[in-house]
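Data first, discussion second: the structure below is written as structure tokens.
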Amino acid sequence: IQGLLARIYLYNGDRENALKKAEFLYKTYSPAGRLKWWAFTNESESKGENKYSKLVDDVVLAFYDPRLIEYYTSTKSGWYDFAVSRSEVNKYMPPTERDYRRNLIDEAKYTSAKWNENPSTWQWRKEQNSIIPVLRFSEIYYIYSETLFEAGRTNEALTVLNQIRNARGRTTTFSSTVPGDFYKELFDEFHREFLLEGQVIYQHKRLDRPMQVETQTIPMDNRFVLAIPDSEINF
């Protein structure tokens, strides 16, 4: 509940309350917190047939559907296979960075292991086939980092952002306090972390940033705003 409130406050532009909720979670339950109820999946668990295909260790909230793989398989076609482009993977997760989120990409087809059937014979690993992540602790880190930055607590913001970057295997340290640089790196993290989870578009909408698909630039305008149903405005 606290995590969803942090997200909602941020989406609503209430950075002060988003900061309070994210800070409470970070300092209490995160891998850096007092109780450490959550962890981040380590690199060794991100590869091989028994891998955690959805990096579930930091998932705070998920939906569950035992027929999920069946639905995805029936939706796939020859041209649409929940794939990402090679250029996009190399842009956000270059091999030189050792970002282990790249281990979830099948580099023969450039599809994501998140939505392919996990072949593991270990029951818990196979159960990831039915999980739909809704809220990850990594998102709490991003919310906390962003709201710290906006509150002028830039050094703390960079510390939190680098904690999640390094937890995912990145070997560099991000250090710029220039707003444009910070938001570019934060945006890049959204792409790396939520690849094919349907979350990134909400960050584009929230921050009014255009989407880049190969060489095509798609602005955030009314094409992405759903009409309010008549039943909600006519009483």
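Computed from a prediction, not measured in an experiment: that's the story for all the values here.
- The minimum heavy-atom distance between P219 and P210, with the atom names listed, is CA-CB, 4.1 Å.
- In terms of heavy-atom proximity, F182 sits nearest to A157 at CE1-CB, 4.4 Å.
- Considering only heavy atoms from C-beta on, E146 comes within 4.5 Å of R15 through its side chain.
- In terms of heavy atoms, I140 sits closest to G3 at CD1-CA, 3.8 Å.
- For S120 and E49, the side-chain atoms include no donor-acceptor pair closer than 3.5 Å.
- At distances below 3.5 Å, not a single donor-acceptor pair connects side-chain atoms of Q2 with backbone N or O atoms of L25.
- H191 is listed as a side-chain neighbour of E88, based on a closest heavy-atom distance under 4.5 Å.
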request  = Could you walk me through whether D65 and S130 pass side chain to side chain contact (heavy atoms under 4.5 Å, CB included), step by step?
outcome  = CA-CA 5 Å; D65 190 332; S130 304; 5.6 Å; no
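- Of the possible donor and acceptor atoms, none in the side chain of N116 sits under 3.5 Å from a partner among the backbone N and O of N129.
- The backbone N or O of A167 lies less than 3.5 Å from a partner atom in the side chain of Y100, making a donor-acceptor pair.
- A 4.5 Å side-chain heavy-atom check between L135 and V59 finds every atom pair outside the cut-off.
- For the atom pair CD1 of I8 and CG of N17, the computed distance is 12.0 Å after rounding to the nearest 0.5 Å.
- Looking at N162, its side chain does come within 3.5 Å of a backbone N or O of L158 through a donor-acceptor pair.
- Two different hydrophobic clusters hold V60 and L10 under the rule that ILVMFWY side chains link at heavy-atom gaps under 4.5 Å.
- The backbone N or O of W115 sits nowhere less than 3.5 Å from a side-chain atom of S112 that would complete a donor-acceptor pair.
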key: T173 vs S175, side chain to side chain donor-acceptor pair (under 3.5 Å): CA-CA, chis, key distance, verdict   = CA-CA 6 Å; T173 298; S175 59; over 6 Å; no
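- Other residues, nucleotides and ligands place no more than 12 heavy atoms under 6.0 Å from the CZ atom of R86.
- By the neighbour-count criterion of 12 heavy atoms within 6.0 Å, atom OH of Y64 is densely surrounded, having more than that number from other residues, nucleotides or ligands.
- Residues L55 and R136 approach most closely at O-NH1, 3.0 Å, considering heavy atoms.
- Annotation: side chain of K114 is in contact with side chain of L104 (closest heavy-atom distance under 4.5 Å).
- For R168 and D58, the salt-bridge test passes: some basic side-chain N is under 4.0 Å from an acidic carboxylate O.
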message = Checking Q216 against Q212 for the side chain to side chain contact (heavy atoms under 4.5 Å, CB included) test, could you report, in this order, the C-alpha distance in whole Å, the side-chain angles of both residues, the deciding distance, and whether it holds?
response = CA-CA 6 Å; Q216 182 182 11; Q212 192 69 35; 5.6 Å; no
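- The structure places CZ of F137 at 10.0 Å from OH of Y26, a figure rounded to the nearest 0.5 Å.
- Using modelled atom types, no side-chain atom of K27 and backbone atom of R34 make a donor-acceptor pair closer than 3.5 Å.
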inquiry  = One pair to check against side chain to side chain contact (heavy atoms under 4.5 Å, CB included): D181 and E185. What are the steps and the verdict?
reply    = CA-CA 6 Å; D181 294 343; E185 182 60 24; over 6 Å; no
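- E23 and R153 are joined by a salt bridge, as a carboxylate oxygen and a charged side-chain nitrogen come within less than 4.0 angstrom of each other.
- With contacts defined as side-chain heavy-atom distances shorter than 4.5 Å, the pair Y52/N118 does not qualify.
- At least one donor-acceptor pair under 3.5 Å links the side chain of K54 to the backbone N or O of I131.
- Looking at S46 and E43, their side chains come closer than 4.5 Å, going by heavy atoms from C-beta outward.
- The cationic atom of R165 (NZ for Lys, CZ for Arg) does not lie both less than 6.0 Å from the six-membered ring centre of F174 and within 45° of the ring axis.
- Put simply, CD on Q203 and CZ on F190 are 4.0 Å apart, with the number rounded to the nearest 0.5 Å.
- Note on R125 versus E45: salt bridge recorded, some NZ/NE/NH1/NH2 to OD/OE distance being below 4.0 Å.
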request  = Give the intermediate values and the outcome of side chain to side chain donor-acceptor pair (under 3.5 Å) for residues R7 and N12.
outcome  = CA-CA 9 Å; R7 176 192 285 177; N12 200 39; over 6 Å; no
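- Taking a 6.0 Å sphere around OH of Y202, one finds it holds 12 or fewer heavy atoms contributed by other residues, nucleotides or ligands.
- Side-chain contact, Q163 with Y144: no donor N or O sits under 3.5 Å from an acceptor N or O.
- Taken from OH in Y92 to OG in S87, the straight-line distance is 9.5 Å, to the nearest 0.5 Å.
- In this structure, S138 and E193 approach most closely via the heavy-atom pair OG-OE2, 2.9 Å.
- No donor-acceptor pair under 3.5 Å is formed between the side chain of D106 and the backbone N or O of Y110.
- By the neighbour-count criterion of 12 heavy atoms within 6.0 Å, atom CG of L35 is densely surrounded, having more than that number from other residues, nucleotides or ligands.
- E16 places a side-chain heavy atom less than 4.5 Å from the side chain of D14.
- Aromatic ring centres of F187 and H204 lie closer together than 6.0 Å.
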message = side chain to side chain contact (heavy atoms under 4.5 Å, CB included), that's the test. Do Y29 and K36 meet it? Break it down for me.
response = CA-CA 5 Å; Y29 301 110; K36 297 178 172 58; over 6 Å; no
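- Taken from CD in E156 to CG in L148, the straight-line distance is 5.5 Å, to the nearest 0.5 Å.
- Less than 6.0 angstrom separates the ring centroid of F40 from the ring centroid of Y141.
- The number of heavy atoms from other shown groups lying within 6.0 Å of CZ (R98) does not exceed 12.
- The line from OG of S53 to NZ of K47 is 16.0 Å long, rounded to the nearest 0.5 Å.
- Counting all heavy atoms, side chain and backbone alike, Y9 lies closest to A18 at CB-N, 3.6 Å.
- Summarising the local packing, CD1 of I233 is surrounded by more than 12 heavy atoms from other residues, nucleotides or ligands at distances under 6.0 Å.
- Taking 4.5 Å as the limit, every side-chain heavy atom of T111 sits out of range of all side-chain heavy atoms of I105.
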